[in-house]
Amino acid sequence: MTEEEKLEIMRHSAAHVMAEAVQSIFPDTKFGIGPSIENGFYYDFDLPRSLTPDDLSLIGSKMNEIIAADMPFVRQEVTKEEARRLFAAQPYKLELLDEIPDEKVGVYRQGSFIDLCRGPHVDSTGEIKAFKLVSIAGAYWRGDEHQPMLQRIYGVAFVAKKALDEHLKKLEEAAKRDHRKLGAELDLYSIHEEAGPGLVHWHPKGAVIRRVIEDFWKDEHIKRGYDIIYTPHIAKLDLWKTSGHWEFYRDNMYSPMEIEGQEYVLKPMNCLGHILIYKTRLRSYRELPLRYAELGTVYRYERSGVLLGLSRVRGFTQDDAHIFCRFDQLEDEVVGVLDLARFMIDTFGFTTYRVLLSTRPEKYAGALKVWEEATDTLRRALEKLDVAYEIDPGEGVFYGPKIDIKFEDALGRGWQGPTIQIDFNLPQRFDVTYIGEDGREHSVAMVHRTVLGSMERFLASLIEHYGGAFPVWLAPLQVMIIPIADRHLDYAHQLEDELRNEGMRAKVDTRSERVNLKIRQAQLDKVPYMLIVGDKEVADSTISVRLRSGEQAASQSLDSFKRSVRAAIASRAKDLEL
RNA sequence: GCCCACAUAGCUCAGCAGGUAGAGCACGUUCUUGGUAAGAACGGGGUCACCAGUUCGAAUCUGGUUGUGGGCUCCA
């Protein structure tokens, strides 16, 4: 048995102990399920009243008593009949019981608590070493929103106190990097109650980062044979009826608005505009593939409870593109997108990612054979590039299979990254075709893809990945010039001009404050370079450079500094070096 | 949308059991011109998220609304 498996068993046992503790406090508790999860465990309860944080510490100390008593876990095999008697007062357990095909079921008993459970468990409660109850949450029975809502208690558990503390520390570290917190501290963006939830306002500093990313994105796409286009934010409702969105995606779309007797809606996707552009004339096989790219802003209704900072919003800009090609070009196109995706992930400094190939879901459009071929195409593309991938069965979109790439940030948390989706539905609905060599019409293969996802969510991942200390090429302010006394202002402004002429983002801190304060604030703003200039620097036309890392570089000429910074920007360096 | 919690100055938070608000930072003015993470003094700033209700009286109690957070469900 691996250490990880042992840990899982211990966590699961901790869930049972928690259930016993809850039972001792609320004897009429109806129990849901209580599995082990990443870092810990949870158990769902149907209780006579809502739990409070005070209950949590009470339950926690009760658990400690049970652990101290070192009660053995006893497994028993019973018939379903016996089990039904044992759990007569436990409707959720009875429901589970009904779904077990076997005649005999396992039950585990420790102390006064008995639970329907396959096991295994630790030998006795004393083997649970380090745990902490962390939160109370509502959770639907069986994860179904039509079922009753139970109260879930989450706990974390580890083999030793040290590991538990490390985990808690990691959570603290994550909280410090939270993009919502840093977004406010670094003055990057805001969301306003007055304007509406999930609607992002980009401040100048956040806008700089976004613009730099967008410029880079556009250049890179143009290099790779994409055409940049723009399409409107609203379109007639009928268009969305033709596409099927109004039928299948309506829950995520905003209500129509009336304009001169016609109904219009905000676009939830960019694809239709791209199709309309494609269809403005007959297309020859000679001009395929056509790759239309747009930083397209879309609006989707998201239920209020799911909104989250920049990572889940109601209006967002996708780095979208649609590729129209012949089916025999599809594989190369997918290879091209994958290559671009890897390039982007790498450029932005993410080092690990998972690739998922999602196959046909139960409800799907198009012919089975076409699905299989397309799925194969995706697979071949992945293999051609030697990309390790996992199959995510049945997780494709109804209109086609897809590849999703999830990357991890510096704290190992996963983020939805690039996605590549093949679409059999829209080309058919809009009759998107090209004229082949044979002079006849053929239907095109259509690929939807994003490589960053959305600007909003991608920025969230970047903020958290770098903890706000962006690489120079992305930093909103790259150089803060700090004059020691007011008499150094002229020199400071002269440096500022020279840097700005280079296209660098530089600023002089002109306030009559002490150097210490200015450095501290530039440091808190995570400005990569600070140039400190005083009498000495003015006298020999040099600068003194301090890095965000706290490191002090040798006194040097502005030219040599410019050279280093220029190189760091051009190479999109992740680390500061001089 | 559902469960739970929270909402006091631009920010972080005090305000314990109902008697019309405080601190630090930030901001403004003045003094200080200081060499690598906070110089000092003074000052301005809040219809205590919003709407009702209870009460002689509500930031404080009750209900509703809005927003935020932790989850569930759903997703770029």
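Residue numbers begin at 1 in each chain, while the letters A, B, ... track the order of the sequences.
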Go through the structure and list residues passing side chain to side chain contact (heavy atoms under 4.5 Å, CB included) with Leu47(A), not counting sequence neighbours. Val22(A), Phe26(A), Thr29(A), Phe45(A), Leu51(A), Gln151(A)
With sequence neighbours excluded, residues passing side chain to side chain contact (heavy atoms under 4.5 Å, CB included) with Ser560(A): Gln556(A), Ser557(A), Arg563(A)
Return the orientation label for the Phe348(A) and Phe216(A) ring planes: parallel under 30°, perpendicular over 60°, tilted otherwise. perpendicular
Between His488(A) and Ser135(A), name the one whose nearest nucleotide on RNA chain B is closer to the 5' end. His488(A)
Rounding to the closest angstrom, what is the interatomic distance between C4(B) and G43(B) at atom P? 48 Å
Could you spell out the base pairing of RNA chain B as a dot-bracket line? Use Watson-Crick and G-U wobble contacts where both distances are under 3.5 Å, [ ] for crossing pairs, | for partners on a different strand. (((((((..((((.....[..)))).(((((.......))))).....(((((..]....))))))))))))....
Between G39(B) and G35(B), how many Å separate the two C1' atoms, rounded to a whole number? 15 Å
If we take the P atom in both U47(B) and C11(B), what is their distance in whole Å? 13 Å
Under the side chain to side chain contact (heavy atoms under 4.5 Å, CB included) test, which residues partner Ser135(A), sequence neighbours left out? Tyr154(A)
Could you tell me whether Asp251(A) contacts a base, only the sugar-phosphate backbone, or nothing, with contacts defined as non-hydrogen atoms closer than 4.0 Å? nothing
Please measure how far the C1' atom in C27(B) lies from the corresponding atom in A59(B), and state the result in whole Å. 25 Å
Donor-acceptor list for residues 358-365 of chain A side chains, cut-off 3.5 Å, not counting sequence neighbours:
{"from": "Thr359(A)", "atom 1": "OG1", "to": "Gly394(A)", "atom 2": "N", "distance (Å)": "2.9"}

List the residues meeting side-chain hydrogen bond (donor to acceptor under 3.5 Å, both in side chains) with Arg514(A), not counting sequence neighbours, and say none if there are none. none
If every non-hydrogen atom of Glu456(A) is compared with every non-hydrogen atom of Phe316(A), which pair is closest and at what distance? OE1-CB, 3.2 Å
Sugar-phosphate, base or nothing in reach of Ser512(A), heavy atoms under 4.0 Å: base
Base, sugar-phosphate alone, or nothing: which one does Glu395(A) contact when heavy atoms must sit under 4.0 Å apart? nothing
Please classify the nucleic acid contact of Gly453(A) as base, sugar-phosphate, or nothing, using heavy-atom distances under 4.0 Å. sugar-phosphate
For the residue pair His322(A) and His448(A), categorise the inter-ring angle as parallel (less than 30°), tilted (30 to 60°) or perpendicular (more than 60°). perpendicular
Base, sugar-phosphate alone, or nothing: which one does Ser544(A) contact when heavy atoms must sit under 4.0 Å apart? base
Taking the nucleotide of RNA chain B with the nearest heavy atom to each, does Thr450(A) or Asp178(A) sit closer to the 5' end? Asp178(A)
One thing to verify: whether Arg142(A) and Glu95(A) come together as a salt bridge, which I'm taking to mean a side-chain N less than 4.0 angstrom from a carboxylate O. yes
Gap in Å between the two C1' atoms, one belonging to U60(B) and one to U8(B), rounded: 11 Å
Quick one, Leu489(A) and Tyr491(A) - any side-chain contact, counting heavy atoms below 4.5 Å? no
P atoms of G70(B) and U33(B), separation to the nearest Å: 49 Å
Sugar-phosphate, base or nothing in reach of Glu513(A), heavy atoms under 4.0 Å: base
Test of understanding: with side chain to side chain contact (heavy atoms under 4.5 Å, CB included), list the residues that count as partners of Arg224(A), not counting sequence neighbours. Glu220(A), Tyr226(A), Asp339(A), Leu340(A), Phe343(A)
If the P atom of G64(B) is compared with that of G24(B), how far apart are they to the nearest Å? 38 Å
By a strict heavy-atom criterion of less than 4.0 Å, which residues belonging to residues 297-315 of chain A are in contact with RNA chain B? Arg300(A), Tyr301(A), Glu302(A), Arg303(A), Ser304(A), Gly305(A), Val306(A), Leu307(A), Leu308(A), Gly309(A), Arg312(A), Val313(A)
Treating Tyr254(A) as the side-chain partner and Arg300(A) as the backbone partner, does any N or O pair qualify as donor plus acceptor under 3.5 Å? yes
Would you tabulate the side-chain donor-acceptor contacts of residues 530-539 of chain A under 3.5 Å, counting partners in other chains and residues two or more places apart, or write 'none'?
{"from": "Asp535(A)", "atom 1": "OD1", "to": "Arg487(A)", "atom 2": "NE", "distance (Å)": "3.0"}
{"from": "Asp535(A)", "atom 1": "OD1", "to": "Arg487(A)", "atom 2": "NH2", "distance (Å)": "3.4"}
{"from": "Asp535(A)", "atom 1": "OD1", "to": "His488(A)", "atom 2": "NE2", "distance (Å)": "2.6"}
{"from": "Asp535(A)", "atom 1": "OD2", "to": "Arg487(A)", "atom 2": "NH2", "distance (Å)": "2.9"}
{"from": "Glu537(A)", "atom 1": "OE1", "to": "Gly534(A)", "atom 2": "N", "distance (Å)": "2.9"}

Using a 4.0 Å cut-off to any heavy atom of chain A, which nucleotides of RNA chain B are the first and last in contact, reading 5' to 3'? G1(B) to A76(B)
Counting the atoms with a prime plus P, OP1 and OP2 as sugar-phosphate, which does Gln416(A) contact under 4.0 Å by heavy atoms, base, sugar-phosphate, or nothing? sugar-phosphate
Under 4.0 Å, heavy atom to any atom of RNA chain B: which of residues 146-154 of chain A qualify? Met149(A), Arg152(A), Tyr154(A)
Sequence neighbours left out, cut at 3.5 Å: what donor-acceptor pairs do the side chains of residues 190-200 of chain A make with other protein atoms?
{"from": "Ser190(A)", "atom 1": "OG", "to": "His192(A)", "atom 2": "NE2", "distance (Å)": "2.7"}
{"from": "Ser190(A)", "atom 1": "OG", "to": "His203(A)", "atom 2": "NE2", "distance (Å)": "2.6"}

Within the structure shown, what part of the strands sits under 4.0 Å from Lys518(A) by heavy-atom distance: base, sugar-phosphate, or nothing? nothing
Quick one: label Leu517(A) by what it contacts on the DNA or RNA (base, sugar-phosphate, nothing), any heavy atom closer than 4.0 Å. sugar-phosphate
What does Asn516(A) touch in the nucleic acid at a heavy-atom separation under 4.0 angstrom: a base, only the sugar-phosphate, or nothing? sugar-phosphate
Determine, stepwise, if the pair Phe350(A) / His465(A) fulfils ring-ring contact (aromatic ring centres under 6.0 Å, His included). CA-CA 8 Å; Phe350(A) 298 100; His465(A) 184 58; 4.4 Å; yes
With rounding to the closest Å, how many angstrom separate the P atoms on A58(B) and A52(B)? 13 Å
